[in-house]
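Please read the structure below before turning to the comments.
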Amino acid sequence: MPLVTTTEMFKKAYEGGYAIGAFNVNNMEIVQGITEACREEKAPVILQVSKGARAYANHTYLVKLVEAAVAECPEIPIALHLDHGPDFETCKSCIDGGFTSVMIDASSMSFEENIAVTKKVVEYAHDHGVVVEAELGTLAGIEDDVKVEAHAASYTRPEEVEEFVSKTGCDSLAIAIGTSHGAYKFTAAQCTRNEQGILVPPPLRFDVLEEVSKRLPGFPIVLHGSSSVPQNYVKMINENGGKMPDAVGIPEEELRHAAQLSVCKINIDSDLRLAMTGTIRAFFNEHPDKFDPREYLKPARANIKELVRHKLVNVLGCAGKA
Ligand code: G3H
Ligand code: 13P
Ligand code: ZN
């Protein structure tokens, strides 16, 4: 099947109590690792491209890689989504350039400005058969070249969501309930430590999610910053020359719970980066004489695939839903 929008995916996910995985893609091996897992697990998927990915790999290369995945996996629905579109022009460029979904992230603007720019993107997108994700509330962490310190992050205000959605006409809404971008989501001071000495982050604000869902029945909610920072890959990185102390993510059980509620899209990027980097670091340590990129990219791609499979089956609940 050709690239799809997220409309049907989200409807089924909402009704079925699961979420669609939205994975960031930057090169061929990442696209292949994700889509091979989704094909084998019969899972619908969203491949998303950030401003940084477009700057790194070039819009056309990324669209063609995704088109190749669509050709290789004709039996699963695949959507191509712009992640954190910073302005109308970037969204327009992706809408004109083959994407089926865009995010306009005006969450750092005032409520009124956020509504105005989101509405403008929605009008253009809907005229072209493309759907729009918007955001209310601010996540902590790093996305593209924007860094939001924890103290500057703010939870979504449930009392604002109905007005925002009805005035903008957006198709899904990213909210802030305590997730955060990157591999260092929380400072040690924000966490407690378990018996193994691993940092345990503060729990997500399910009360905010439930209040939002009550006000927007049937409406798809999106969670950004939802990597769980697998400790086996942090360890692999640290044992092979890396230095990532106190990297900590969102517990997978919390994400599984969110997926059973109104959360229909869960964004995961950092976990795939950790798997790729850990695998390549370990390969170089074990094989200092090797220099063929195919030899170290092959196990990296295989580990991305297994990590995505794990997310589909155990976290998102979307395996078998294609
Ligand atoms: O939220 C941001 C995504 O993880 C994309 O990251 O801007 O480094 O491509 P990036
Ligand atoms: P992570 O950094 O937690 O993977 O979040 C990714 C994300 O939200 C992309 O938009
Ligand atoms: Zn994000």
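Starting from 1, each residue takes its place in the sequence as its number. Whatever order the structure lists them in is the order used to number ligands and atoms, beginning at 1. Quick note: numbers below take in every heavy atom, side chains included, and nothing from hydrogens, waters or symmetry partners.
Atom 8 (O) of ligand 2 has as its closest protein heavy atom Gly225 N, 2.7 Å. When only non-hydrogen protein atoms are considered, atom 10 (O) of ligand 2 lies nearest to Asp83 OD2, 2.7 Å.
Between Phe206 and His257, the ring planes are tilted. Angles from 30° to 60° get that label. Ring planes of Tyr124 and Phe88: perpendicular class, angle over 60° (limits at 30 and 60°).
Considering backbone and side-chain atoms alike, Asn26 places every N or O at 3.5 Å or more from each N or O of ligand 1. Below 3.5 Å of separation, one finds no N or O of Ile268 facing any N or O of ligand 2.
Nearest N/O/S atom of His181 with respect to the Zn ion (ligand 3) is recorded as NE2.
Ligand-side atoms of ligand 2 in range of Asp269: 4 (O), 6 (C), range being under 4.0 angstrom from any heavy atom. For ligand 1, the atoms sitting less than 4.0 Å from at least one non-hydrogen atom of His181 are 1 (O), numbered in the order shown with element in parentheses. Counting atoms of ligand 2 from 1 in the listed order, those under 4.0 Å from a heavy atom of His224 are 8 (O), 10 (O). Residue contact check: Asn24 has heavy atoms under 4.0 Å from atoms 3 (C), 5 (C) of ligand 1. For ligand 1, the atoms lying closer than 4.0 Å to a non-hydrogen atom of Arg273 are 5 (C), 6 (O), 8 (O), 9 (O), 10 (P). In summary, the atoms of ligand 2 found under 4.0 Å from a heavy atom of His84, numbered by their order in the structure, are 10 (O). Of all the atoms in ligand 1, the ones that sit under 4.0 Å from a non-hydrogen atom of Asp269 are 3 (C), 4 (O), 5 (C), 6 (O). Every atom of ligand 2 with a heavy atom of Ser180 under 4.0 Å away is listed here by number and element: 3 (O). Listed by number with element, the atoms of ligand 2 under 4.0 angstrom from any heavy atom of Asn24 are 9 (C). Applying the 4.0 Å criterion to heavy atoms of Lys185 picks out, from ligand 2, the atoms 1 (P), 2 (O), 3 (O). Every atom of ligand 2 with a heavy atom of Ser226 under 4.0 Å away is listed here by number and element: 3 (O), 5 (O).
The Zn ion (ligand 3) forms the vertex of an angle spanning NE2 of His84 and ND1 of His224; to the nearest 10 degrees it equals 90°.
Under a 4.0 Å N-O distance rule, the pair Lys305/Glu40 qualifies as a salt bridge. Ionic pairing of Glu306 and Arg309 is present here: one or more N-O contacts between side-chain nitrogen and carboxylate oxygen are shorter than 4.0 angstrom. Salt bridge absent: Asp83 and Arg54 never bring a charged side-chain N and a carboxylate O closer than 4.0 Å.
Judged by distance alone, the side chain of Glu211 and the main-chain N or O of Arg157 form no donor-acceptor pair under 3.5 Å.
Residue contacts with ligand 2 leave out Ser50, since none of its heavy atoms falls under 4.0 Å from the ligand.
You'll find the side chain of Met28 stays beyond 4.5 Å of the side chain of Tyr61, heavy atoms only. Here the side chains of Pro220 and Lys265 are not in contact, with every heavy-atom distance at 4.5 Å or above. When side chains are defined from C-beta on, Gln231 does not count as touching Lys235, because their heavy atoms never get closer than 4.5 Å. Contact check for His84 versus His224: side-chain heavy atoms found under the 4.5 Å cut-off.
For the side-chain contact (heavy atoms from CB on, under 4.5 Å) with Phe99, the lone residue among Thr5, Leu62, Val63, Leu3 that qualifies is Val63. Just one residue in the list Ser226, Cys191, Ser227 forms a side-chain contact (heavy atoms from CB on, under 4.5 Å) with Lys185, and that residue is Ser227.
Of all the heavy atoms of His84, the ones lying under 4.0 Å from any atom of ligand 1 belong exclusively to the side chain. Residue-level proximity to ligand 1 for Asp83 is carried by the side chain, the only part with a heavy atom below 4.0 angstrom.
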